[in-house]
Amino acid sequence: MEVHRKGLHRKGQPELLVLRALKLGDLLVAVPALRALRRAYPEHRLVYAAQQWLRPVVQLTGSVDELLDTHGLDVAIDRAPGQVDVAVNLHGNGPESRGRLEALQARTYLGHRAPGWDGPEWQHGIHERDRWTRLLRWHGVAADPLDYRLDRPAVPTTMPGAVVIHPGAAYGSRHWPVERFAAVASALARSGHRVVFTGSSGERPRAEAVAGLAGLAADTVVAGRQPLAEFAALIADAALVVSADTGAAHLATAYGRPSVVIFGPAPVAEWGPPPGPHIVLTDESRRVGDTFSAVPDPALLAVTAADVLAAAARLGLS
């Protein structure tokens, strides 16, 4: 499974492997680190170890030569010992991720300080973009945490200028109530905006429920019907993106599109958008912070539909 850059794969070309076998948002906050590695190792074949469904967006980083299908840390990385020249741990700093990389017997390792590893101490409470660029700078690689933009998808969206409402999330802790999403969607539709509802196939029932409560047609729900590249193209030309802290929000950041992001369990300081046309809504004084809970975090429940509409107005939509 290739992700081609301008360069060609040359026989005997050394490999640099990056482990970050996580989700879409995790990929997008790692883009500055990937860009930095690409510049620092121009002669290496850069391999990104993550799940294959991310391939369309991995291509848009402009930095990766190959996506190596890797399902978390449950399986070994599909590389023979000694095949990888440089192994980079952007997954974390636990014994599981380090063990998977140590099995590669790479010549050079870039990671945080740990038994057998040299590097900076893991620092809590910093933004993910800063975490990984800080790591690389310690290892002598120049890296800018604000180098996070993606290339535009090759195929443009068929719905330019839409208001994208993304009511789903990976965990219930990030589920803002469907009634509130519906109130926002209904108000923006009444103001003349084209509203569409996005998400994965598993999130489609939730998106359909929001559309139904908002009184909007079934064809406004594109959740589960768009390949990832089309989803990225839709976000790249959106008038506004409304979502919880999900991949949709990180795509809005990557394309500089106006967004309202409703935060719950995750700290804004670690996962929030950079300066730009983005407004974060939350009440961190109420945050419980249990990412894997099935119950919406109180910080997220503190946000009302009126709060979201007021933020949209501040971004130029009313």
Can you confirm whether [X] sits close enough to [Y] that some side-chain heavy atom of one is under 4.5 Å from a side-chain heavy atom of the other?
| X | Y | result |
| --- | --- | --- |
| Pro274 | Thr253 | yes |
| Val58 | Leu34 | no |
| Asp290 | Pro265 | no |
| Val242 | His166 | no |
| Ser97 | Leu73 | yes |
| Val47 | Leu16 | no |
| Ile235 | Val164 | yes |
| Phe231 | Leu251 | yes |

Problem set entry | His112/Trp132 aromatic ring centres below 6.0 Å |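 Centroid distance His112-Trp132: below 6.0 Å, so yes.
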
Problem set entry | Results of salt bridge (charged side-chain N to carboxylate O under 4.0 Å, His left out) for Asp130 - residues two or more places apart only |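 Listed in chain order: nothing, the list is empty.
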
For this session: Mind listing the closest non-hydrogen atom pair of Arg174 and Ala169 along with its distance?
Result: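 That would be CB-CB, 3.5 Å.
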
For this session: Would you check if the side chain of Tyr109 reaches a backbone N or O of Leu101 as a donor-acceptor pair within less than 3.5 Å?
Result: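 Side chain of Tyr109 to backbone of Leu101, a donor-acceptor pair under 3.5 Å: yes, one is there.
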
For this session: Just jot down the ring pair (Phe, Tyr, Trp, His ring centres under 6.0 Å) partners of Tyr41, sequence neighbours excluded, or say none.
Result: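 Partners of Tyr41 by the ring pair (Phe, Tyr, Trp, His ring centres under 6.0 Å) criterion, ordered by chain and then number, come out as His44.
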
Problem set entry | Residues Arg45 and Asp65 bridged, charged N to O under 4.0 Å |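 A salt bridge is absent here (no side-chain N lies under 4.0 Å from a carboxylate O).
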
Problem set entry | Step-by-step side-chain hydrogen bond (donor to acceptor under 3.5 Å, both in side chains) determination, Asp297 to Ser173 | CA-CA 5 Å; Asp297 194 282; Ser173 61; over 6 Å; no

